[in-house]
Amino acid sequence: MTDELLNHPGALTGDVRPTTSYTLRVNGVERPVADAWIGESLLYVLRERLGLAGAKDGCEQGECGACSIQVDGQLVNGCLVPAALAADSEIATVEGLSGPGGASDVQRALADSGAVQCGYCTPGMAMAVHDLLQRNHRPSEVEARQALCGNLCRCTGYRAALNAVQTVADAREAALEAELAAAEQAAGETPAPTAAAPVPARPTEQSFADLALAGELPLYADAELWHEADQLIPAQQQGEATARAGGYAYPPTPPHGTAAPAGGWEPTPAHGTAGADAHGTPAHGTPYLPTPPHGTPHQDAGPYDGTVYATDGHPYPQYPGYDHPAGYGAPVGYGAPAGYDAPAGYDATPAHGIRLPEDENA
Ligand code: FES
Ligand code: FES
């Protein structure tokens, strides 16, 4: 006999099957297992070596579900899992369901609904319901049936177990809603303390002029203060202050996250815009009026004066204030047809299809 066999823990009994040692982590507790046959099932090790007899031994071939446990969060039949392969896994058994307060809500619901008679299937059933409600907080009847179809019960007929699933789902949902409502109420009653926002000092004529002339720019977060400060620069000092203050003319771009003032930000002024009162190139963002459709009366138009035709054959009326390009005008001697009586108030480009005066005189 070799040394290996002589040293085998089963040498004296003649059981020389290969063994191994490992540690299982069961319900959060490290449980060492020494010199165990490598073929032992997790169900066997839990029950016979570790004394955790909650998982039941029904068929030992994966048919009844009485041995249901979780390995790394997956519901498995403990009788089909080699224990040595679960050495690095988190194992949860029915013993871990109950806490200091006693049985879990799942266990209580199973008992209260009448799903426990002989009780042999109950630990596996409890683990199956627990696993289902971990994955699906509001399972349908079909989903609950699918989840429990691997757990055979010869006593109760399953209706009671399905009722227990519904009971726990309802109770957990109600508890969550109550918790959220309480949290909202608490938040409304005692608003979180917020640091008081610093109140910026309002500029004065002297203070702003002093700062600007010293080459410093006060940083007002409030656009209203910038406007106020702008008004406070003495007219005779504006040029000098602007130059010394690094070309100050407009408030700097506000930092990210600055709330827009009521009415929104003003658009960036166009290049060359002299000031708020200047009439220049429209600022960026200024919308243009769309070209009016044919037939739209000109807003400023007076009655057609009937004296000038700008183009050949088309009676464009003259509008007050309209500036023809230099040198542009009606052909010499070209005027309104004799006797043409312009309609009173006619002031728009005629729409397509309108008969022209020439047509009437043709
Ligand atoms: Fe594991 Fe029956 S004992 S499925
Ligand atoms: Fe007896 Fe389920 S209660 S087998």
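All ligand and atom numbering here is 1-based and tracks the order in the structure. Source: prediction; values computed, not measured.
Listed by number with element, the atoms of ligand 1 under 4.0 angstrom from any heavy atom of Gly62 are 4 (S). For ligand 1, the atoms closer than 4.0 angstrom to any heavy atom of Cys79 are 1 (Fe), 3 (S), 4 (S). The atoms of ligand 2 that sit less than 4.0 Å from any heavy atom of Cys118 are 1 (Fe), 3 (S), 4 (S). For ligand 2, the atoms closer than 4.0 angstrom to any heavy atom of Gln117 are 3 (S). Of all the atoms in ligand 1, the ones that sit under 4.0 Å from a non-hydrogen atom of Cys67 are 1 (Fe), 3 (S), 4 (S). With ligand atoms numbered from 1 in the order given, ligand 2 contributes 1 (Fe), 3 (S) to contacts under 4.0 Å with heavy atoms of Gly119. Counting the atoms of ligand 2 from 1 in the order shown, those under 4.0 Å from a heavy atom of Arg154 are 4 (S).
If you look at Glu63 next to ligand 1, the close heavy atoms, those under 4.0 Å, all belong to the backbone.
From the protein, the heavy atom lying nearest to atom 2 (Fe) of ligand 2 is Cys121 SG, 2.2 Å.
Among the backbone and side-chain atoms of Cys155, no N/O/S atom is found under 2.8 Å from atom 2 (Fe) of ligand 2. Contact annotation: Cys153 places an N, O or S atom under 2.8 Å from atom 2 (Fe) of ligand 2. Atom 1 (Fe) of ligand 1 has no N, O or S atom of Cys59 inside 2.8 Å of it. With 2.8 Å as the limit, Cys64 does not count as an N, O or S neighbour of atom 1 (Fe) of ligand 1.
Val71 places a side-chain heavy atom less than 4.5 Å from the side chain of Ser89. Using a 4.5 Å heavy-atom cutoff, the side chains of Leu52 and Arg31 are in contact.
Separating the CD atom in Glu40 from the CD atom in Glu48 is a distance of 9.5 Å, to the nearest 0.5 Å. Atom CD of Gln61 is separated from atom SG of Cys67 by 11.0 Å, given to the nearest 0.5 angstrom. A distance of 12.5 Å separates CE of Met127 from CG of Leu132, quoted to the nearest 0.5 Å.
In terms of hydrophobic clustering, with Ile, Leu, Val, Met, Phe, Trp and Tyr side chains grouped at heavy-atom distances under 4.5 Å, Tyr120 and Val116 are assigned to different clusters.
Of the listed residues (Leu24, Asn27, Asp72), just one forms a side-chain contact (heavy atoms from CB on, under 4.5 Å) with Glu90, and that residue is Asp72.
In terms of modelled atom types and a separation under 3.5 Å, the side chain of Ser21 and the main chain of Asp35 share a donor-acceptor contact.
Of all heavy-atom pairs spanning Thr20 and Ala84, the tightest one is CG2-CB, 4.2 Å.
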